[in-house]
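What you see is a predicted model; the values in this text were computed from it and never measured. Side-chain atoms are counted along with the backbone in the values below, which use heavy atoms only and exclude waters and symmetry mates.
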Amino acid sequence: MQAITRRLGHQSLRPTASISSIKSICALSDHYYGGDHPRYGSTLASHKGMGHLVRKGTGGRSSVSGIIATVFGATGFLGRYLVQQLAKMGSQVLVPFRGSEDNPRHLKLMGDLGQIVPMKYDPRDENSIKAVMAKANIAKEHGGIMRFIQVSCLGSSLTSPSRFLRAKAAGEEAVLKELPEATVMKPAVMIGTEDRIMNRWAHFAKKYSFLPLIGGGSTKIQPVYVVDVASAIVAALKDDGSSMGNVYELGGPEIYTVHELAELMYETIREWPRYVNVPLPVAKAIAMPREVLLKKVPFPLPNPDIFNLDQIHAFATDTVVSENALTFMDLGIVPHKLKGYPVEYLIQYRKGGPQFGSTVSEKVNPDSYP
């Protein structure tokens, strides 16, 4: 825990930089939400204590780990798993949220009494963000910080045709410029109970009896179980400081083509696979009218499940872990294979199961609770 207690020299985030970085980081989507549908990723910063952390207990949820962490995006996909893992070891978690007071309600069950602290904020109000960050000492006027973990995504690039991937790369650049000691996590496409990839595919396949495969589904991806990504973040937070200043590429143990991942989905829901091959230029042409309307109408448009132009751009090229990148193994974690428990949530789409049109994000996952 020594790395958590010490400050990172005199490096700190300026308020303006911290605001821009929060707006550009992911989370936590099935990892993908589309460039025109901004979501906020999980950024974690630990509390600056006085001297050594005060710890007591055996390490369970009723213990005191001495860590106070602010998690942006905590109510999202990855965020909820991160909150659960922090809370079950006795950490206090500050949960910034927007909208209704009910939004973070499900998170309060994950920790002991008073350990999960919802804090309403407005991401467009700088003072509101400063107030949420104050206890975690992120902004310059609150002093230096001890640990800062930025969640980006695999494949992020400033030159990508995808707005989503460009935004992720810009977020990484902004954070590392202000805080070179920050740790950056770049997860691949995340799979889990609330994901927005295999859930969408299964829902589409049940509703229309086929699944479109853009470009024949030949793009290679390295999907990862969301619980493993949360474990990697906690492992970096608890280490001796060896992860500080490093970038980790977090991919699952197996590389799939999109077609092969769709086969796994069909196998799990026990449906005969039916595909329609959609050439990439045709898929872009189908998605283009919505992109044109986005710039002309003063109200938001529905986010399509399949034919989202920015998502098409993001999945047009292979996205796998680089050969010499730091990975799960460098954090002491062995990621799960997808086949088996990580995709069992798709059982709900089988014939005779729960109505497949229900809201998946409200399903209970046993990993969501200590």
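- A salt bridge is absent between Glu181 and Arg147; no separation between the charged side-chain nitrogens and carboxylate oxygens falls under 4.0 Å.
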#### Entry: ring pair (Phe, Tyr, Trp, His ring centres under 6.0 Å) between Phe72 and Tyr121, intermediate numbers included
CA-CA 10 Å; Phe72 287 92; Tyr121 86 119; 5.6 Å; yes
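- When hydrophobic clusters are built by joining Ile, Leu, Val, Met, Phe, Trp and Tyr residues whose side-chain heavy atoms come closer than 4.5 Å, directly or via intermediates, Val224 is not grouped with Val320.
- Rounding to the nearest 0.5 Å gives a distance of 12.0 Å between CG of Leu293 and CE of Met288.
- Asp122 places no side-chain N or O within donor-acceptor distance of the main-chain N or O of Arg98, the cut-off being under 3.5 Å.
- The pair Asp305-Arg200 meets the salt-bridge criterion, since a charged nitrogen lies less than 4.0 angstrom from a carboxylate oxygen.
- Screening Ser162, Ser157, Ser152 for a side chain to side chain contact (heavy atoms under 4.5 Å, CB included) involving Lys168 leaves a single residue, Ser152.
- Follow the hydrophobic side-chain contacts under 4.5 Å out from Leu213 and you reach Val276 in the same cluster.
- In this structure, Tyr208 and Phe210 have tilted ring planes: the angle between them lies in the 30° to 60° band.
- One finds the CZ atom of Arg105 at 13.5 Å from the OG1 atom of Thr75 (value rounded to the nearest 0.5 Å).
- Under the 4.0 Å criterion applied to side-chain N and carboxylate O atoms, Glu291 and Arg163 are assigned as salt-bridge partners.
- Each of Leu107 and Phe97 belongs to its own hydrophobic cluster when Ile, Leu, Val, Met, Phe, Trp and Tyr are linked at side-chain heavy-atom distances under 4.5 angstrom.
- Between Glu172 and Lys186, at least one side-chain nitrogen of the basic residue sits less than 4.0 Å from a carboxylate oxygen of the acidic one, meeting the salt-bridge criterion.
- No path of Ile, Leu, Val, Met, Phe, Trp and Tyr side chains, each step under 4.5 Å between heavy atoms, connects Val117 with Leu113, placing them in separate hydrophobic clusters.
- Clustering of Ile, Leu, Val, Met, Phe, Trp and Tyr by side-chain heavy atoms under 4.5 Å joins Val184 with Leu176, Val247.
- The backbone N or O of Arg274 lies less than 3.5 Å from a partner atom in the side chain of Tyr266, making a donor-acceptor pair.
- Hydrophobic clustering, with ILVMFWY side chains joined whenever heavy atoms are under 4.5 angstrom apart, keeps Ile255 apart from Leu154.
- Annotation: side chain of Met329 is not in contact with side chain of Ile333 (no heavy-atom distance under 4.5 Å).
- For Ser100 (side chain) and Asp102 (main-chain N/O), a donor-acceptor pair under 3.5 Å exists by modelled atom type.
- Remark: side-chain polar atoms of Glu249 are not paired, donor with acceptor, to backbone N or O of Ala325 under 3.5 angstrom.
- Checked by atom type and distance alone, the side chain of Thr268 pairs as donor or acceptor with a backbone atom of Leu264 at under 3.5 Å.
- A donor-acceptor pair is defined here as one N or O able to donate and one able to accept, closer than 3.5 Å; such a pair exists between the side chain of Asn277 and the backbone of Gly216.
- Side-chain atoms of Lys206 come within 3.5 Å of backbone N or O of Tyr349 as a donor-acceptor pair.
- Between the CD1 atom in Ile221 and the CD atom in Glu254 there is a gap of 12.0 Å [rounded to 0.5 Å].
- Looking at Glu260, its side chain does come within 3.5 Å of a backbone N or O of Thr257 through a donor-acceptor pair.
- When atom types are taken as modelled, the side chain of Gln92 and the backbone of Gly114 share a donor-acceptor pair closer than 3.5 angstrom.
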### Task
Kindly indicate, with the supporting measurements, whether the criterion side-chain hydrogen bond (donor to acceptor under 3.5 Å, both in side chains) is fulfilled by Gln85 and Ser231.
CA-CA 7 Å; Gln85 294 202 24; Ser231 298; 3.0 Å; yes
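- Between atom CD1 of residue Ile149 and atom OG of residue Ser243 there is a gap of 6.0 Å, rounded to the nearest 0.5 Å.
- Listed by chain and residue number, Tyr275 satisfy the ring-ring contact (aromatic ring centres under 6.0 Å, His included) test with His259 (two or more places apart in sequence, or in another chain).
- Between Arg290 and Pro304, the closest side-chain pair of non-hydrogen atoms falls below 4.5 Å.
- Side-chain contact between Met190 and Leu78 is present, with at least one heavy-atom pair separated by less than 4.5 Å.
- Between the side chain of Asp195 and the main chain of Gly192, a donor-acceptor pair closer than 3.5 Å is present.
- Counting all heavy atoms, side chain and backbone alike, Arg166 lies closest to Ser160 at NH1-O, 2.8 Å.
- Within the 4.5 Å cutoff, the side chain of Val234 has heavy atoms near those of the Met89 side chain.
- Looking at Glu271 and Arg350, no side-chain N of the basic residue comes within less than 4.0 Å of a carboxylate O on the acidic one, giving no salt bridge.
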### Task
Applying salt bridge (charged side-chain N to carboxylate O under 4.0 Å, His left out), run through Arg80 and Glu194 and close with a yes or a no.
CA-CA 10 Å; Arg80 66 184 64 195; Glu194 305 85 7; 3.7 Å; yes
### Test side-chain hydrogen bond (donor to acceptor under 3.5 Å, both in side chains) applied to Thr219 and Asp318, step by step
CA-CA 5 Å; Thr219 302; Asp318 296 345; 4.9 Å; no
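- Minimum interatomic distance between Val83 and Ala74 (heavy atoms only, all atoms of both residues): CG2-CB, 3.7 Å.
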### Task
Just do the side chain to side chain contact (heavy atoms under 4.5 Å, CB included) check on Asp330 and Phe328 with the steps written out, would you?
CA-CA 5 Å; Asp330 298 285; Phe328 280 112; over 6 Å; no
